[in-house]
Amino acid sequence: AKRRGRNTFQWYTDELNRKVTERVNLRHALQQAIEQKQFELHYQPQIHHSGRVAGVEALIRWHHPERGNIPPGQFISLAEDTGQIIPISEWVLETACRDAVALNATSTVPMTMAINVSPMQFQRPGFLDSLKQVLARSGLPPALLELELTEGVLMDSAEHTIQALIAIRQLGVHIALDDFGTGFSSLSYLKRLPINKLKVDRSFVNDVAVDSRDAAIVEGVVTMADKLGLEVLIEGVETAEQFHFLRTLQCDHFQGYYFARPMALSALKTYLNMPLEA
Ligand code: C2E
Ligand code: CA
Ligand code: CA
Ligand code: CA
């Protein structure tokens, strides 16, 4: 038993060392990625209930020269811990705004650009200024920009959070609450926060067509949001059955593989029937 204990301990430290090494490696690789611009933004269409494309969400992609594509789930939280999220986020904001201007130049209807904002990015003192600068440089009308924030950030309903949201809204920029329903949120804070939209998390959508409890939750959230004067978008719609049910609700927008996957800007232009050179 003793021996096994030691082996277990040995395995544990090896495993721990492996994880630490992997993090250090990833951190170095991330630094190179920032310097060598190994990132790309993909855009996933957001569909208005009328069927037209209302806008897109920017989703980062990392093309590592040897490891291939590394999904954001594998590096965003590390980048948060190391602070590398700051230069990455600046690049995302700049690139997405520039691409949004290009999309709107050829679109006959306004096309919104939604960007994921990390907690650290949002809480930085210089965030509002960098937002203003990027809007000025790109010429993107502020109303076409939407910042997606998660409950974790907004639940910290300290006065400075509310003030920061109000300042962003005063610029004309929109705010969406991402992954709604996954955190330990109290519904009462919804009426105090100056947000425009709720994005209902896809975990409620999976079984919406077969599980009456999920259906009741989604229906309840959509009704409540509508009564609070918020827009609602349902994420992660994958099947015709799901959409068949969801379209009966008073929901403004949908997003998910059923409509379109995230795609590179050139593919998006093709999808939207736009001239490629613009
Ligand atoms: P998110 O903001 O909730 O983004 C939605 C995720 O769901 C994306 O994964 C998207 O590709 C995926 N998705 C879209 N439709 C469907 C569907 O119908 N079914 C399923 N199963 N999945 C769907 P992705 O691109 O891997 O991004 C994962 C997360 O990484 C994002 O979750 C977001 O939290 C974060 N992220 C992505 N890009 C950025 C970024 O530029 N900045 C920051 N701070 N975070 C980002
Ligand atoms: Ca999002
Ligand atoms: Ca989400
Ligand atoms: Ca509505």
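Indexing begins at 1, ligand by ligand and atom by atom, following the structure's order. Residues take their numbers from the sequence shown, with the count starting at 1.
For P71, the side-chain contact (heavy atoms from CB on, under 4.5 Å) test picks out Q74, with sequence neighbours left out.
When hydrophobic side chains of Ile, Leu, Val, Met, Phe, Trp and Tyr are connected at separations under 4.5 Å, V20 ends up clustered with V24.
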Measure and list all N/O to N/O distances between ligand 1 and the protein that fall under 3.5 angstrom.
from     : atom 1 : to   : atom 2 : distance (Å)
ligand 1 : 2 (O)  : E57  : OE2    : 3.3
ligand 1 : 2 (O)  : N116 : OD1    : 3.0
ligand 1 : 2 (O)  : D178 : OD2    : 3.1
ligand 1 : 3 (O)  : D179 : OD1    : 3.2
ligand 1 : 7 (O)  : R202 : NH1    : 3.0
ligand 1 : 15 (N) : Q44  : NE2    : 3.0
ligand 1 : 18 (O) : Y257 : N      : 2.8
ligand 1 : 19 (N) : E238 : OE2    : 2.5
ligand 1 : 21 (N) : R202 : NE     : 3.4
ligand 1 : 21 (N) : E238 : OE2    : 2.9
ligand 1 : 22 (N) : R202 : NH1    : 3.4
ligand 1 : 22 (N) : Y257 : OH     : 3.3
ligand 1 : 25 (O) : R61  : NH1    : 2.8
ligand 1 : 25 (O) : R61  : NH2    : 2.9
ligand 1 : 38 (N) : I60  : N      : 3.1

>> Using the rule given for side chain to side chain donor-acceptor pair (under 3.5 Å), can you reason through E57 versus Q44, listing the C-alpha separation, both sets of side-chain angles and the distance that settles it, and then say yes or no?
In response: CA-CA 5 Å; E57 176 180 2; Q44 186 176 32; over 6 Å; no
> Could you walk me through whether F259 and F243 pass the ring pair (Phe, Tyr, Trp, His ring centres under 6.0 Å) check?
Replying inline: CA-CA 10 Å; F259 305 99; F243 182 54; 5.1 Å; yes
>> Q32 vs Q38, test: side chain to side chain donor-acceptor pair (under 3.5 Å). Steps then yes/no.
In response: CA-CA 8 Å; Q32 282 196 315; Q38 294 169 0; 5.4 Å; no
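N116 places no side-chain N or O within donor-acceptor distance of the main-chain N or O of E148, the cut-off being under 3.5 Å.
Using bins of under 30°, 30° to 60° and over 60° for the plane-to-plane angle, the ring pair W62/F39 lands in the tilted bin. Ring-plane geometry between H42 and H63 is classed as tilted, the angle between the planes lying from 30 to 60 degrees on a 0 to 90 degree scale.
Listed by chain and number, the protein N, O or S atoms at a distance under 3.0 Å from the Ca ion (ligand 3) are D178 OD1, D179 OD1, E235 OE1, E235 OE2.
The side-chain heavy atoms of I76 and S118, taken from C-beta on, include no pair separated by under 4.5 Å. Counting only heavy atoms from C-beta outward, the side chains of M113 and Y43 approach each other to under 4.5 Å.
The atom of E57 nearest to the Ca ion (ligand 2) is OE2, with the search restricted to N, O or S atoms.
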